[in-house]
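Okay, here's the structure, questions in a sec.
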Amino acid sequence: MLLIPLSLLALARASLAASSTAQQLLVNDALAAILADGAPILGFDGGCSQSEKTCDWMRNYPDSTKLVHMNLPGTHDSATWNYTQETQDSLFRFTGTDIPPASTFQCQNKSFFDMLNLGIRVFDLRFAYNPGNDTLGFHHSQALLAPDTTVEDVWFGFYSWLDQHPTEAVLISLNYESGTGTPRDLKLEEHIYDIMTSSLASRYWVQTNGSLGTLGEARGKLTFLQRYDYEFLPASESKRIGIQLPPEAWTDNSPIIEIVYNTSTDQIAYIEDYYEMDGLPIGAGAAENIQWKYNATVAHLENATLYNPDQLYISFASAEHDEDVETPIVIALGNGTDTPGVNQKLLPWLQERKGKRFGIIMLDFFDSMPGLVEAVIGL
Ligand SMILES: *[C@@H]1O[C@H](CO)[C@@H](O)[C@H](O)[C@H]1NC(C)=O
Ligand SMILES: *[C@@H]1O[C@H](CO)[C@@H](O)[C@H](O)[C@H]1NC(C)=O
Ligand SMILES: *[C@@H]1O[C@H](CO)[C@@H](O)[C@H](O)[C@H]1NC(C)=O
Ligand SMILES: *[C@@H]1O[C@H](CO)[C@@H](O)[C@H](O)[C@H]1NC(C)=O
Ligand SMILES: *[C@@H]1O[C@H](CO)[C@@H](O)[C@H](O)[C@H]1NC(C)=O
Ligand SMILES: *[C@@H]1O[C@H](CO)[C@@H](O)[C@H](O)[C@H]1NC(C)=O
Ligand SMILES: *[C@@H]1O[C@H](CO)[C@@H](O)[C@H](O)[C@H]1NC(C)=O
Ligand SMILES: *[C@@H]1O[C@H](CO)[C@@H](O)[C@H](O)[C@H]1NC(C)=O
């Protein structure tokens, strides 16, 4: 008598297993399709074999570590990594040909999955409508980066990477990119608001607002740094996550920015975002432009090592002087062996101060300077 219920149970288990296997196949297929759509921004995840030291570097830090105490390597204008002249030329049908060369927009050369595996934990992204004014995608000023890739595709990419790296915490800074020629309207704001408050997002984004907590709370999740306002959607103020660093408080092109992001607890973000070396005359040359940017960066980093240990510090090591000939890559890496870039100069500066708090450092072409990410983290 006992055998029958037992075998029924086994049968039920087997059919449950079969249906969950089918379910799993469906999930895997759907995820693979989304990641393929996201590939122009996400790239492909090659795994950790080339980056064992950095792939899961946060697992060595205790849960109780405050995010503001950590050194977090980030990438400035992260989504530009494949914006070569070839990519720009292929998108002329959307942007027109009256657009500065791709080298003035390209700030990176590694895909998002490569960045993650190489230890990058802060991403600087700028969204606007894709062509058609329907889906949301990524831009850098007039440069459209991937016309068929959506913000949702890219968030899925982060979620899937975090599922495989549950000890890691990733911060996403999101700006609205103006100057793309696409409209800014209520539909756009409803769309981004829906993305950020969906039930899936509430599983993968840290849900606290107005403060940055501990690494333990942020592991396996994305933390939101909101750099845009809702202009058409005031009701959205009813739910916020992360911290707000609004554009009207983020002084343009400034070496010293202070934003109070929580007045009741007096939480302040100290930011250096001096990105256009327009204080220098045209023709000043690469060496002079690089020296100015380097000075602004280390002046801010020096303060991060000395003051306000419980406040957030964000320092951009990236810049350009486009009216002159200094593109982002020239500022980051120099113009040849005789003139080193900010990245070359920053490496020994960081190494000499190993163990100190630097905060978030946003880099261009970080991968071209071996050891730079490890020096930021303090590995
Ligand atoms: C990078 O850009 C090139 C040239 O536009 C393109 O062929 C290639 O598919 C792009 N890479 C990805 C991962 O989308
Ligand atoms: C980017 O990396 C590729 C190899 O992956 C290299 O051929 C290319 O020169 C690099 N471009 C820049 C701008 O660093
Ligand atoms: C998108 O918006 C731009 C700017 O308002 C407009 O010129 C263009 O026609 C719109 N495209 C579509 C497909 O609606
Ligand atoms: C300020 O931070 C506190 C403590 O983390 C939090 O409870 C509160 O909601 C925040 N306030 C605002 C306005 O974000
Ligand atoms: C911020 O979070 C607190 C809980 O920490 C919550 O009570 C409050 O409603 C949230 N505020 C917004 C604007 O989302
Ligand atoms: C690089 O910049 C230096 C100093 O600004 C200048 O003297 C030199 O000619 C430049 N080299 C190249 C290859 O452009
Ligand atoms: C940069 O800082 C160094 C050291 O403080 C100083 O000697 C130099 O004049 C500064 N250069 C520029 C271009 O600001
Ligand atoms: C560094 O901190 C000092 C003291 O608070 C302040 O006067 C100075 O403006 C700060 N410099 C930068 C670049 O943040």
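Since we're looking at a predicted model, the values are computed, not measured. We count ligands from 1, going down the list as the structure has it; atoms in each ligand are counted the same way.
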Would you mind telling me which of F158, F156, F44 makes a ring-ring contact (aromatic ring centres under 6.0 Å, His included) with F112?
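So, applying the ring-ring contact (aromatic ring centres under 6.0 Å, His included) to F112 and each of F158, F156, F44, only F158 qualifies.
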Could you check whether Y270 and H300 have their ring centres less than 6.0 Å apart?
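No, the ring centres sit 6.0 Å or more apart.
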Has R227 got its NZ or CZ under 6.0 Å from the middle of the six-membered ring of Y176, at an angle within 45 degrees of the ring axis?
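Relative to the ring axis of Y176, which defines the angle, R227 lies outside at least one limit.
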Please could you name the atoms of ligand 4 that S211 approaches to less than 4.0 Å, counting only its heavy atoms?
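What qualifies from ligand 4 is 5 (O).
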Any idea which atoms of ligand 4 are less than 4.0 Å away from a heavy-atom of T265?
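Checking each atom against T265, I get 1 (C), 2 (O), 3 (C), 4 (C).
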Determine yes or no for a side-chain-to-main-chain donor-acceptor pair under 3.5 angstrom, with D324 supplying the side chain and G283 the backbone.
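A pair under 3.5 Å: yes.
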So if I count the atoms of ligand 4 from 1 in the order they appear, which ones are less than 4.0 Å from some heavy atom of G210?
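In order of number, 1 (C), 2 (O), 14 (O).
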Could you tell me whether R126 and D124 have a side-chain N and a carboxylate O separated by less than 4.0 Å?
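A salt bridge is present here (some side-chain N lies under 4.0 Å from a carboxylate O).
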For the residue pair D153 and T149, confirm or rule out a side-chain donor-acceptor distance under 3.5 Å.
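No, T149 and D153 have no side-chain donor paired with an acceptor closer than 3.5 Å.
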So which residues, sorted by chain and number, lie with a heavy atom under 4.0 Å of ligand 3?
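Those residues closer than 4.0 Å to ligand 3 by some heavy atom are G132, N133, G181, P183.
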N-O pairing of E168 and K221 below 4.0 Å:
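No.
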Mark yes or no: R203 above the aromatic ring of W205, with NZ or CZ under 6.0 Å from the six-membered ring centre and no more than 45 degrees from the axis.
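No, a cation-pi geometry is absent between R203 and W205.
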Y228 and Y230: aromatic ring centres closer than 6.0 Å?
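Yes, the ring of Y228 comes within the 6.0 Å limit of the ring of Y230, centre to centre.
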Indicate yes or no: does an N/O atom of N335 lie under 3.5 Å from an N/O atom of ligand 6?
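Indeed, backbone or side chain, N335 has an N or O that close.
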Show the atoms of ligand 6 that are less than 4.0 angstrom away from any heavy atom in T339.
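Those atoms are 1 (C), 2 (O), 3 (C), 4 (C).
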Within a distance under 4.0 Å of any heavy atom of N262, pick out the atoms of ligand 4 and give their elements.
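Close to N262: 1 (C), 2 (O), 3 (C), 8 (C), 10 (C), 11 (N), 12 (C), 14 (O).
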Under a 3.5 Å threshold, yes or no: a donor from one side chain and an acceptor from the other, between N175 and S173?
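No, because no side-chain N or O of N175 sits under 3.5 Å from a partner of the opposite role on S173.
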Does A287 reach ligand 6 with a nitrogen or oxygen that is under 3.5 Å from one of the ligand's nitrogen or oxygen atoms?
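The answer is yes, given that A287 and ligand 6 share an N or O pair closer than 3.5 Å.
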Taking distance alone, with N or O pairs closer than 3.5 Å, would you say A286 contacts ligand 6?
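Yes: some nitrogen or oxygen of A286 is under 3.5 Å from one in ligand 6.
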Enumerate the atoms of ligand 6 whose separation from the nearest heavy atom of G285 is less than 4.0 angstrom.
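Result: 5 (O).
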